[in-house]
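Computed from a prediction, not measured in an experiment: that's the story for all the values here.
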Amino acid sequence: QVQLVESGGGLVQTGDSLRLSCTASRRTDRNYSMAWFRRAPGKQREFVAGITWSGSNTDYADFLKGRFTISRDNAKNTVYLQMNSLKPEDTAVYYCAADPSDILYITPRLYDYWGQGTQVTVSS
């Protein structure tokens with residue numbers, strides 16, 4: 001079992017930046033893909049970004065238009081989401097997910113492990 005813990009959320013203003021972190025509870029012998037999803041109030045959970053174990057493959061939601069960057073440090077069992085030029089519509093709970101297939105899925109139900117989420121609020 002892998003436990004994921006997100007951190008780095010908070011209240012910021014339009015145009016600000018935040019960096020979210022997600023740390024896995026323990027190192028495993030599997031190569032996990034990891035991803036960030038978000039759920040805004042009244043909306044379904046949606047894919048934001050994903051990265052394979054090696055970091056060589058990444059994927060981003062089209063609506064980001066280059067504002068966010070996903071990265072990972074396997075030595076620290078941590079994946080990051082650098083969020084720049086934040087907008088009020090980025091307000092959501094951001095979730096980290098991991099899957100031992102090392103495949104980048106955009107469908108939430110295909111990920112085996114989830115964190116508890118961290119709130120990001122962007123004021124106008």
Item to complete: Check whether the side chains of Thr23 and Asn77 place a donor and an acceptor atom closer than 3.5 Å, and report yes or no.
Response: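 No - no donor-acceptor pair under 3.5 Å links their side chains.
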Other residues, nucleotides, ligands: >12 heavy atoms within 6.0 Å of Gln3 CD: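 Atom CD in Gln3 is not packed in, count stays at 12 or less.
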Practice prompt. Kindly check if the number of other-residue, nucleotide or ligand heavy atoms within 6.0 Å of CG (Leu110) is above 12?
Written response: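 Enclosed: over 12 neighbouring heavy atoms sit under 6.0 Å from CG of Leu110.
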Do the side chain of [X] and the main chain of [Y] share a donor and acceptor less than 3.5 angstrom apart?
{"X": "Gln116", "Y": "Val5", "answer": "no"}
{"X": "Thr121", "Y": "Leu11", "answer": "no"}
{"X": "Thr91", "Y": "Val122", "answer": "yes"}
{"X": "Thr14", "Y": "Ser123", "answer": "yes"}
{"X": "Asn74", "Y": "Trp53", "answer": "yes"}

Would you say [Y] ends up clustered with [X] if hydrophobic residues are merged whenever their side chains have heavy atoms under 4.5 Å apart, either directly or through other cluster members?
{"X": "Val120", "Y": "Phe37", "value": "no"}
{"X": "Tyr95", "Y": "Val79", "value": "no"}
{"X": "Trp36", "Y": "Leu64", "value": "yes"}

Cationic tip of Arg19 within the cone over Tyr80's six-membered ring, i.e. under 6.0 Å and within 45° of the normal?
yes
| message | Parallel, tilted or perpendicular: which one describes the rings of Tyr32 and Tyr113, with boundaries at 30° and 60°? | response |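 Ring orientation of Tyr32 relative to Tyr113: tilted.
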- prompt: Under 30°, 30 to 60°, or over 60°: which ring-plane class applies to Tyr105 and Tyr111, parallel, tilted or perpendicular?
  reply: perpendicular
Residue pair [X] / [Y]: nearest heavy atoms and the distance that separates them:
{"X": "Leu81", "Y": "Ala49", "answer": "CD1-CB, 4.2 Å"}
{"X": "Ala98", "Y": "Met34", "answer": "CB-CG, 4.1 Å"}
{"X": "Trp114", "Y": "Pro108", "answer": "CZ2-O, 3.2 Å"}
{"X": "Val2", "Y": "Ala24", "answer": "CG1-CB, 4.0 Å"}
{"X": "Ser33", "Y": "Ile103", "answer": "OG-O, 2.8 Å"}
{"X": "Ser85", "Y": "Ser17", "answer": "N-OG, 4.3 Å"}

Measuring from atom [atom1] of [X] to atom [atom2] of [Y], what distance do you get when rounded to the nearest 0.5 angstrom?
{"X": "Glu46", "Y": "Ile106", "atom1": "CD", "atom2": "CD1", "result": "11.0 Å"}
{"X": "Asn31", "Y": "Asp99", "atom1": "CG", "atom2": "CG", "result": "12.0 Å"}
{"X": "Phe63", "Y": "Phe47", "atom1": "CZ", "atom2": "CZ", "result": "9.0 Å"}
{"X": "Thr69", "Y": "Tyr60", "atom1": "OG1", "atom2": "OH", "result": "4.5 Å"}
{"X": "Ser124", "Y": "Lys87", "atom1": "OG", "atom2": "NZ", "result": "14.0 Å"}
{"X": "Phe68", "Y": "Leu20", "atom1": "CZ", "atom2": "CG", "result": "8.0 Å"}

Could you list the residues that satisfy side-chain hydrogen bond (donor to acceptor under 3.5 Å, both in side chains) with [X], not counting sequence neighbours?
{"X": "Asp90", "result": "Arg38, Arg67"}
{"X": "Ser54", "result": "Ser56"}
{"X": "Thr52", "result": "none"}

With Tyr94 as partner, the option from Glu6, Met83, Arg39 fulfilling side chain to side chain contact (heavy atoms under 4.5 Å, CB included) is Met83
